[in-house]
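For reference, the structure is listed below as structure tokens.
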Amino acid sequence: MKKEHILIIRFSALGDVAMAVPVVYSLAHQYPDVRITVLSRGFARPFFENLAPNVGFMEADLKREYRGIKGLNALYRRLTAKQFTAVADLHNVLRSDFLRMRFNIGRYNVAHIDKHRKGRRRLTSSNNKQLIQQPTSFQNYADVLDRLGYPIELDFHSIFPEGGGDLSLLPGNSPLSTLHSPLNIGIAPFAAHQGKVYPPQLMEKVIEQLTKKHPEAKLFLFGRGEQEDEFFPQWCARYPQCIHVADFLESIKQELILMSHLDVMLSMDSANMHLASLVATPVVSVWGATHPYAGFMGWNQGSENAVQIPLDCRPCSIFGQKACRRGDYACMTRIAPETIVERIEQILSQKPHV
């Protein structure tokens with residue numbers, strides 16, 4: 001009889017893959033005799049490579065090595081050599097659908113995610129909007145495993161042991177390898193879409209207020225992109241307590257280590273919310289066009305730490321990519337910096353050293 005071996009497929013964006021970690025961890029620890037292989041893009045390796053002894057990682061470059069139908073067929077042949085006994089498609093898009101079809105033809109035990117699109121459409125509808133909490137991605141992923149015959153209880157704390165990641169693995173010439181500040185705050189102010197970004201001029205007011213309230217604190221700015229390149233040097237020049245993390249760290253693994261030693265992270269509805277959640281750091285998240293009800297709140301994060309304002313038009317989008325119907329992005333511009341700072345302060349007040 002074949003040893004049970006589950007293939008878990010999840011490509012897509014960083015945050016979506018990160019949300020699979022608590023589910024894979026729970027599966028691995030509750031079924032220690034079952035082998036698990038996660039198939040994803042290369043960036044996801046740090047999430048899974050040391051998650052549990054029975055979890056392996058397989059990288060697939062769908063843009064080059066496994067591009068198109070020919071490439072997917074080659075990937076399928078490579079996968080069948082692993083002798084999987086079950087296939088969990090946590091993505092349910094064209095590429096994973098094709099692989100799933102091939103596995104179905106081969107009479108594998110296959111299941112795929114239900115994205116609850118009807119409920120999400122009602123949530124974002126411009127007419128007769130229904131503000132109803134949708135199943136979280138974590139639950140949707142777990143439901144796939146349940147249908148395969150592997151029910152789990154979600155039980156995850158952090159990818160690192162108690163005390164956080166090993167700071168000695170950070171570059172020795174950086175100010176991050178030893179954290180001497182009594183207070184360390186992370187800020188990830190940008191996202192892929194404008195509807196998920198708190199205006200930079202308002203975010204700078206948040207930074208100004210935090211530096212005045214906590215002159216001993218270090219503020220670590222996370223993110224890589226054009227907006228980060230434009231604003232981070234300005235903020236670091238005006239507020240010496242700010243550190244542009246990308247100037248010193250080169251990998252997601254290193255950023256996760258640093259995040260595990262933060263007292264709090266301020267993030268948009270973006271990948272950094274999920275990364276900080278994977279290392280058990282409390283997150284204050286800012287929500288504009290999107291809404292926690294869509295099911296994408298960070299793992300184990302309290303709804304009280306989601307900063308948002310009530311507007312009849314929001315949420316207008318599940319992923320934040322749609323243009324603002326009003327034209328003014330009031331869902332973000334009407335959030336006062338003081339509201340965000342107050343929420344951060346409430347979390348810091350629970351820390352014994354603040």
Side-chain angles (χ1 to χ4, degrees), residues 1-115 136-156 159 274 278 299:
M1 184 177 178
K2 283 185 180 179
K3 179 179 175 63
E4 293 178 80
H5 189 181
I6 302 175
L7 171 65
I8 294 179
I9 303 172
R10 180 71 227 204
F11 300 115
S12 191
L14 182 59
D16 295 312
V17 179
M19 294 180 81
V21 172
V23 179
V24 174
Y25 174 92
S26 302
L27 174 67
H29 283 263
Q30 291 165 35
Y31 297 89
D33 296 327
V34 175
R35 287 183 61 196
I36 302 162
T37 296
V38 177
L39 177 69
S40 189
R41 295 163 62 190
F43 67 73
R45 186 177 296 276
F47 298 154
F48 301 101
E49 60 184 354
N50 295 312
L51 196 61
N54 54 332
V55 174
F57 181 81
M58 185 173 170
E59 177 180 346
D61 185 344
L62 300 180
K63 292 185 177 180
R64 288 186 289 269
E65 186 178 4
Y66 299 114
R67 183 180 179 182
I69 297 297
K70 183 179 178 180
L72 290 174
N73 279 323
L75 177 57
Y76 171 74
R77 289 192 294 271
R78 181 183 169 197
L79 291 170
T80 56
K82 304 288 185 181
Q83 297 187 311
F84 295 108
T85 57
V87 178
D89 177 6
L90 305 187
H91 201 171
N92 194 15
V93 293
L94 286 176
R95 291 182 176 117
S96 66
D97 288 353
F98 180 85
L99 291 174
R100 196 172 73 240
M101 176 198 70
R102 294 297 310 268
F103 280 114
N104 272 319
I105 292 173
R107 298 185 181 279
Y108 286 78
N109 184 18
V110 181
H112 67 278
I113 188 172
D114 179 354
K115 296 182 179 179
T136 67
S137 289
F138 309 108
Q139 189 58 55
N140 289 338
Y141 293 165
D143 288 345
V144 178
L145 298 174
D146 192 15
R147 289 193 288 274
L148 289 174
Y150 298 94
I152 60 172
E153 293 290 333
L154 292 171
D155 180 20
F156 171 79
I159 62 173
H274 297 294
L278 294 186
W299 172 254

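Rounded to the nearest 0.5 Å, atoms NZ (Lys115) and OG (Ser137) are 9.5 Å apart. With values rounded to the nearest 0.5 angstrom, Leu72 atom CG is found 9.5 Å from Met101 atom CE. Distance CG/Leu154 to CZ/Phe138: 8.5 Å, rounded to 0.5 Å. One distance of note links CD1 of Ile69 with CG of Leu94; it measures 9.0 Å at 0.5 Å rounding. Distance CZ/Arg10 to CG/Asn92: 9.5 Å, rounded to 0.5 Å. Within the model, atoms CD of Glu49 and CD1 of Ile159 stand 9.5 Å from one another, a figure rounded to the nearest 0.5 Å.
Checked by atom type and distance alone, the side chain of Lys82 never pairs as donor or acceptor with a backbone atom of Leu7 at under 3.5 Å. With hydrogens and angles ignored, the 3.5 Å screen pairs a side-chain donor or acceptor of Trp299 with a backbone N or O of Phe156. Between the side chain of Arg147 and the main chain of Val110, no donor-acceptor pair closer than 3.5 Å is present. Between the side chain of Glu59 and the backbone N or O of Leu39, no donor-acceptor pair lies under 3.5 Å. In this structure, the side chain of Asp16 does not engage the main chain of Ser12 through any donor-acceptor pair within 3.5 Å. Formation of a donor-acceptor pair under 3.5 Å by the Asn54 side chain with backbone atoms of Ala28 is found in this model.
Using a 4.0 Å cut-off between a side-chain N of Lys or Arg and a carboxylate O of Asp or Glu, Arg41 and Asp61 do not qualify as a salt bridge.
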> Run the side-chain contact (heavy atoms from CB on, under 4.5 Å) check on Ser96 and Val93 step by step: do they pass?
Replying inline: CA-CA 5 Å; Ser96 66; Val93 293; 3.9 Å; yes
> Run the side chain to side chain donor-acceptor pair (under 3.5 Å) check on Thr37 and His5 step by step: do they pass?
Replying inline: CA-CA 8 Å; Thr37 296; His5 189 181; 2.8 Å; yes
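Taking the six-membered ring for Trp and the full ring otherwise, the centers of Tyr31 and Tyr150 sit less than 6.0 Å from each other. Checked against the 6.0 Å centroid threshold, Phe103 and Tyr76 count as a close aromatic pair.
Looking at heavy atoms from C-beta onward, Ile8 lies in side-chain contact with Val24 at the 4.5 angstrom threshold.
The side chain to side chain contact (heavy atoms under 4.5 Å, CB included) test with Tyr108 is passed by exactly one of Thr85, Thr80, Leu79: Thr80.
By the neighbour-count criterion of 12 heavy atoms within 6.0 Å, atom CZ of Arg102 is densely surrounded, having more than that number from other residues, nucleotides or ligands.
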